[in-house]
Amino acid sequence: MDWSKNQIKEFQQDLLSWYDDNKKPLPWRKTTEPYKIWISEIMSQQTQVETVMPYYERFMKKYPTIETLAQADDAELLKLWEGLGYYSRARNLKIAAQEVVDKYNGKFPDNLADILSLKGIGPYTAAAIASISFGLAEPAIDGNLMRVTSRLFELDCDISKSSSRKIFDGYLRKLISKKRPGDFNQALMDLGSLVCSPKSPKCEACPLLNYCAAAASGKQLNYPVKTKKIKQKDLYFTAFALENSLGEYYLEKRPSKGLLADMWTFPLTELPAADFEKMITDGSVSKNIVIPELPESISKMEYIANFTHIFSHQKWNLAIIKLKPEETFEVADELLSEDKMWVHFDSKVLTENGQPKVSRSQIPLAGPQVKMFEILDKKNKKIDLLK
DNA sequence: AATGCGGGGTG
DNA sequence: CACCCAGCATT
């Protein structure tokens with residue numbers, strides 16, 4: 001960051017005067033009492049201020065001091081927290097209150113390290129209390145500050161990674177007002193929620209417009225950089241291993257559209273999670289399994305093994321079911337077509353007229369299928385050794 | 001570094 | 001419905 005001292009000074013003034021005119025009228029902004037700031041900050045974690053306000057008022061009425069909180073009835077405290085979520089916050093509050101009473105003689109610690117040591121207080125909350133209640137120049141880095149800062153300087157670091165925190169800390173430590181650090185932090189929080197919002201930032205109304213690199217280049221929406229935290233959807237399949245008398249496996253070609261288009265796969269059928277869990281637990285083959293249309297009649301099914309495969313957006317849980325045909329049988333060519341075939345493990349096997357048979361190394365296999373072949377390989381080798 | 005933990009709002 | 005949000009403790 002190459003801003004001059006004068007520039008930083010003007011930046012602080014522009015931000016703070018905006019805050020003085022536009023700050024949200026929150027009940028805990030009428031005080032700097034550490035106890036009240038602490039409670040408000042804990043309640044505000046991952047929670048909208050509008051949701052927090054009634055809880056805050058009730059909390060302060062019931063537990064007006066840190067001593068009353070330290071002696072709170074667990075059930076009553078939890079009851080008061082009911083509906084706010086993240087209930088360990090309430091449990092930790094009481095533990096921390098007891099710590100303050102026992103270790104600090106009931107006086108809330110006034111330095112960052114001691115504040116940070118309290119149960120339930122992490123880097124963000126510690127800095128918020130330190131700056132608001134004790135005037136310490138500690139940047140309280142939350143999602144808002146990271147968003148605003150990443151736009152100001154077009155920072156490309158991924159805010160979802162914990163290692164990015166120190167980068168934001170570096171910038172904000174240079175920018176923070178030493179005279180009004182608490183207001184500085186809260187100003188950036190309000191700015192982040194009122195003006196510098198994630199989807200539709202109101203740059204024309206922003207007091208920091210002239211300082212903002214992203215606004216200058218029109219790339220506001222490119223920031224902050226955040227890797228999508230995709231919750232993969234769990235899907236459950238049975239994968240059928242049907243082997244013929246030549247040691248080949250029956251594969252099908254997937255549809256030409258969608259996931260793993262045109263790749264080859266063992267026949268798959270989806271099944272409910274509960275059935276899957278039961279099968280891999282006790283080896284019982286679910287009665288609900290839908291057996292795919294196969295070229296031979298099946299006499300028995302046997303659970304072999306299970307494995308998983310992660311896609312970007314899906315997690316496949318597969319259970320291998322070995323299908324055991326009646327005695328021996330030959331390849332029924334007339335039942336095969338362009339999207340169904342028998343595939344051998346290797347390419348050295350020849351057909352009757354001397355042509356190499358189709359091997360698994362010649363066709364595009366979906367990721368899970370490669371894993372499945374490996375598992376089947378191992379099983380077969382194990383069986384060979386036993387012979 | 002990754003995961004679990006609630007609930008409400010938004011587009 | 002998918003994504004977002006004033007985080008922290010635990011592993």
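Remember, predicted model here, so these are calculated numbers, not experimental data. Lettering of chains follows the sequences in order, A, B, ..., and the numbering in each one begins at 1.
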Practice item. Find which nucleotide of DNA chain B each of A:Ser162 and A:Gly83 is nearest to by heavy atoms, and output the residue with the more 5' nucleotide. Key: A:Ser162

Exercise for review: Among the candidates C:dC4, C:dA6, C:dG7, find the nucleotide nearest to the side-chain atoms of A:Pro198.
Suggested key: C:dC4

Exercise for review: Please figure out whether A:Ser200 or A:Leu84 has its closest DNA chain B nucleotide nearer the 5' end.
Suggested key: A:Leu84

Check your understanding: To the nearest Å, how far apart are A:Gln45 CD and C:dG7 C1'?
Key -> 5 Å

Exercise for review: Calculate the interatomic distance between A:Tyr86 atom OH and C:dC8 atom P; express it in whole Å.
Suggested key: 12 Å

Practice item. Go through the structure and list residues passing side-chain contact (heavy atoms from CB on, under 4.5 Å) with A:Gln186, not counting sequence neighbours. Key: A:Tyr19, A:Arg29, A:Ile132, A:Asp183

Check your understanding: How about A:Trp264 and A:Tyr249: are their ring centres within less than 6.0 Å of each other?
Key -> no

Practice item. Look at all strands and tell whether A:Ser193 reaches a base, only sugar-phosphate, or nothing, counting heavy atoms closer than 4.0 Å. Key: nothing

Point to revise | A:Thr47 side chain near C:dA6 phosphate (N/O to OP1/OP2, under 4.0 Å) | key: no

Check your understanding: What is the distance, rounded to the nearest whole Å, between atom CZ of A:Phe184 and atom C1' of C:dA6?
Key -> 16 Å

Review point. Taking the side chain of A:Pro123 as its heavy atoms from C-beta onward, which of B:dG8, C:dC8, C:dG7 lies nearest to it?
Key: C:dC8

Review point. How far does the P atom of C:dT11 sit from the matching atom of B:dG6, given to the nearest Å?
Key: 16 Å

**Study point:** Nucleotide C:dG7, atom C1' - distance to CD1 of A:Ile121 in whole Å
**Key:** 12 Å

Exercise for review: Sticking with atom C1', work out how far C:dC8 lies from B:dG9, rounded to a whole angstrom.
Suggested key: 22 Å

Point to revise | Cation over ring face, A:Arg180 and A:Phe184, 6.0 Å, 45° | key: no

Review point. CG of A:Leu78 versus C1' of B:dG6: gap in Å, rounded?
Key: 13 Å

Practice item. Determine the contact category for A:Leu26: base if any of its heavy atoms lies under 4.0 Å from a base atom, sugar-phosphate if only primed atoms, P, OP1 or OP2 are that close, otherwise nothing. Key: base

Practice item. Starting from P on C:dC4, measure out to CZ on A:Arg147 and report it in whole angstrom. Key: 11 Å

Practice item. Could you state the atom-to-atom distance from CG of A:Leu191 to P of C:dC5 in whole Å? Key: 14 Å

Exercise for review: Indicate whether OP1 or OP2 belonging to C:dT10 is found under 4.0 Å from a side-chain N or O atom of A:Lys119.
Suggested key: yes

Study note, to complete from the structure: Quick note, A:Thr125 side chain, CB onward, closest among B:dG6, C:dC5, C:dG7 is C:dG7

Check your understanding: When you check the gap from the basic side-chain N to the acidic O, do A:Lys79 and A:Glu76 get nearer than 4.0 Å?
Key -> no

Exercise for review: Indicate whether OP1 or OP2 belonging to C:dC5 is found under 4.0 Å from a side-chain N or O atom of A:Lys199.
Suggested key: no

Practice item. Have a look at A:Val52 and say if it touches a base, only the backbone sugar-phosphate, or nothing, with a 4.0 Å heavy-atom cut-off. Key: nothing

Review point. Between A:Ile95 (CD1) and C:dC8 (P), how many Å, whole number?
Key: 16 Å

Exercise for review: Could you give the distance separating C:dA6 and B:dG11 at their P atoms, to the nearest angstrom?
Suggested key: 14 Å

